[in-house]
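To keep things clear, I will list the structure first and then write my remarks on it.
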2 protein chains.
Amino acid sequence: MAKSPTTRDAVVPVLAEVFREHGYEGASMAILQEATGLGRGSLYHFFPGGKEEMAAAVLADIGAWFREGVFVPLHAAPDAPSARQGISSMFDEVDAYFRSGRRVCLQGMFALGRERDLFDDAVRGYFIEWVDALAAALQTANTDDPTGRAVQVVSSVQGGIALSRALNDPSAFTTALDGARSVAGLTPGGV
Amino acid sequence: MAKSPTTRDAVVPVLAEVFREHGYEGASMAILQEATGLGRGSLYHFFPGGKEEMAAAVLADIGAWFREGVFVPLHAAPDAPSARQGISSMFDEVDAYFRSGRRVCLQGMFALGRERDLFDDAVRGYFIEWVDALAAALQTANTDDPTGRAVQVVSSVQGGIALSRALNDPSAFTTALDGARSVAGLTPGGV
DNA sequence: GTCTATAAAGCGATAGAC
DNA sequence: GTCTATCGCTTTATAGAC
């Protein structure tokens with residue numbers, strides 16, 4: 001690597017992981033400092049709004065990642081076969097991203113707590129985008145009740161994370177995801 | 001009412017609601033004090049272990065409620081029709097208890113955060129009991145893959161709470177629950 | 001841009017009077 | 001059993017040197 005200037009963009013994923021592991025309140029400045037390797041002053045230089053701005057930046061970053069990698073492809077499917085392919089890819093991406101339930105969904109976590117009030121738009125927007133994109137793909141795939149099924153699929157993913165963490169068993173996430181695939185009209189085998 | 005002696009049992013449900021609304025860390029002693037109407041000294045008299053003992057008591061109380069009202073009936077079903085009836089009742093109880101997603105599941109909330117480490121047994125035990133009881137009823141009802149379906153149903157409930165809160169729309173919980181009913185082999189109409 | 005020092009407030013927990 | 005006063009620690013945020 002030529003050089004590594006500390007940029008705001010580079011530090012956001014690190015902050016994301018800290019928020020995922022410790023929660024919003026639990027992620028103290030001291031922990032964020034240690035994880036990023038930056039001093040207090042540097043963090044406040046990049047994020048004058050403090051923790052709240054850090055979390056907002058993280059949520060925006062995650063939202064952009066899903067938009068680009070998952071939601072846009074779902075919307076882009078022109079016909080039924082490619083829609084089914086897109087939905088199948090979504091499950092693969094989701095399984096990889098959440099590491100079979102070992103990694104928490106920050107938006108889902110925030111939705112359960114007081115953080116929802118603070119980051120209302122980011123949390124709601126993320127799930128609206130997800131449900132809308134999936135519903136559009138399900139409709140293209142000629143599935144009945146696309147919106148209802150999209151809600152059920154996204155719920156299963158979120159609940160699968162919670163349950164697999166509670167049981168300390170990633171297979172619970174896999175099972176939940178399999179059920180969601182079935183709801184989305186995918187056969188266990190392939191697209 | 002003849003008199004109202006402040007008992008430990010009477011204060012636990014109040015604490016539960018505070019933990020649900022503010023989370024474990026967000027539920028400060030000041031808030032718990034105000035909600036219960038008790039002074040610091042009284043709270044520490046009932047719960048010498050402080051916040052941790054309060055949360056443990058709350059989790060135990062919730063666990064006992066579900067055990068008595070939901071899990072035991074599921075296990076008790078002697079034949080397929082009564083098993084289906086018990087499963088149907090479970091969904092009604094769950095919908096009422098979580099107020100169509102307006103009320104958070106404390107165990108599910110704790111599972112996503114650091115609290116999981118602190119209340120590991122209570123959180124894991126709660127979900128193990130739930131999945132086991134539902135799987136037993138599904139088996140009695142002659143449903144295939146009872147354990148897998150039980151995991152999917154419980155995941156849907158947990159995810160439905162998160163999604164309905166994120167969207168600020170209780171109908172998302174209802175939709176998630178309808179999907180779960182279908183996974184459990186129940187027709188939308190009745191038992 | 002990065003750092004340390006420090007301010008100001010809130011936290012959980014304890015002590016001891018009543 | 002209930003209360004208030006207080007300890008000691010951690011928190012976020014700021015100020016200012018470099």
Side-chain angles (χ1 to χ4, degrees), chain A residues 1-59 106 109-110 113-119 122, chain B residues 1-59 106 109-110 113-119 122:
Chain A
M1 49 192 84
K3 66 172 185 176
S4 71
T6 304
T7 66
R8 190 185 139 118
D9 285 355
V11 85
V12 168
V14 179
L15 300 176
E17 223 45 48
V18 175
F19 282 121
R20 271 190 267 258
E21 284 173 25
H22 294 85
Y24 180 67
E25 299 202 74
S28 69
M29 290 301 298
I31 298 176
L32 293 164
Q33 219 176 307
E34 193 191 358
T36 56
L38 292 175
R40 250 171 171 60
S42 300
L43 281 176
Y44 275 100
H45 172 73
F46 287 124
F47 307 93
K51 251 176 77 166
E52 186 174 336
E53 188 173 340
M54 294 183 210
V58 164
L59 291 175
L106 204 61
M109 185 183 190
F110 282 9
R114 267 274 116 106
E115 300 86 357
R116 186 194 58 160
D117 302 334
L118 212 50
F119 307 104
Chain B
M1 50 192 81
K3 65 172 185 174
S4 71
T6 304
T7 65
R8 188 185 140 119
D9 285 355
V11 86
V12 168
V14 180
L15 300 176
E17 225 43 50
V18 175
F19 282 123
R20 271 189 268 257
E21 285 173 24
H22 294 84
Y24 181 66
E25 298 202 75
S28 70
M29 289 303 298
I31 297 176
L32 294 164
Q33 219 176 308
E34 192 192 357
T36 57
L38 292 175
R40 252 171 168 61
S42 300
L43 281 176
Y44 276 97
H45 172 72
F46 287 124
F47 307 93
K51 252 175 77 167
E52 185 173 338
E53 187 172 340
M54 295 183 209
V58 165
L59 291 175
L106 205 61
M109 185 182 188
F110 282 9
R114 268 274 116 104
E115 300 87 358
R116 187 194 57 161
D117 302 334
L118 212 48
F119 307 105

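By convention in this document, chain letters (A, B, ...) are assigned in the order of the sequence lines, proteins followed by strands, and residues within each chain are numbered from 1. What you see is a predicted model, and the numbers here were worked out from it, not measured in a lab.
Both A:Gly26 and A:Pro48 sit near DNA chain D, but only A:Gly26 has its closest nucleotide nearer the 5' end.
For the atom pair CD (A:Glu17) and OG1 (A:Thr36), the distance works out to 14.0 Å, reported to the nearest 0.5 Å. Distance OH/A:Tyr24 to CZ/A:Arg114: 13.5 Å, rounded to 0.5 Å. Distance check, rounded to the nearest 0.5 Å: NZ of B:Lys51 to OH of B:Tyr44 gives 9.0 Å.
Contacts of A:Gly41 with the nucleic acid, taken as non-hydrogen atoms under 4.0 Å apart, include base atoms. Within 4.0 Å (heavy atoms only), A:Phe46 reaches sugar-phosphate atoms of the nucleic acid but no base atom.
The distance from atom CD of A:Glu34 to atom P of D:dT11 is 12 Å, rounded to the nearest whole Å. Regarding B:Leu38, its CG atom lies at a distance of 15 Å from the C1' atom of D:dT4, rounded to whole Å. Per the geometry, CZ belonging to A:Arg40 stands 20 Å off P belonging to D:dA17, to the nearest Å. The interatomic distance linking A:Met29 (CE) with C:dA7 (C1') rounds to 15 Å, in whole Å. As rounded to whole Å, 9 Å separates atom P of C:dG12 from atom CE of B:Met54. Look at CZ on B:Phe47: it is 15 Å from P on C:dG12, rounded to the nearest Å. Between the CG atom of A:Leu32 and the P atom of C:dT2 there is a distance of 16 Å, rounded to whole Å. In this structure, CD of B:Glu52 is placed 12 Å from P of C:dT14, rounded to the nearest angstrom.
The side chain of B:His45 places no N or O atom within less than 4.0 Å of a non-bridging phosphate oxygen (OP1 or OP2) of D:dT2. Between A:Ser42 and C:dC3, a side-chain N or O to OP1/OP2 separation shorter than 4.0 Å is present. OP1 or OP2 of C:dC11 sits under 4.0 Å from a side-chain N or O of B:Ser28. A sub-4.0 Å separation between OP1 or OP2 of C:dG1 and a side-chain N or O of A:Thr6 is absent.
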### Query
Going through the checks in order, is the salt bridge (charged side-chain N to carboxylate O under 4.0 Å, His left out) test met by A:Arg8 and A:Glu53?
CA-CA 12 Å; A:Arg8 190 185 139 118; A:Glu53 188 173 340; 3.2 Å; yes
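The two atoms that bring B:Val12 and B:Phe47 nearest to each other are CG2-CZ, 4.2 Å, heavy atoms only.
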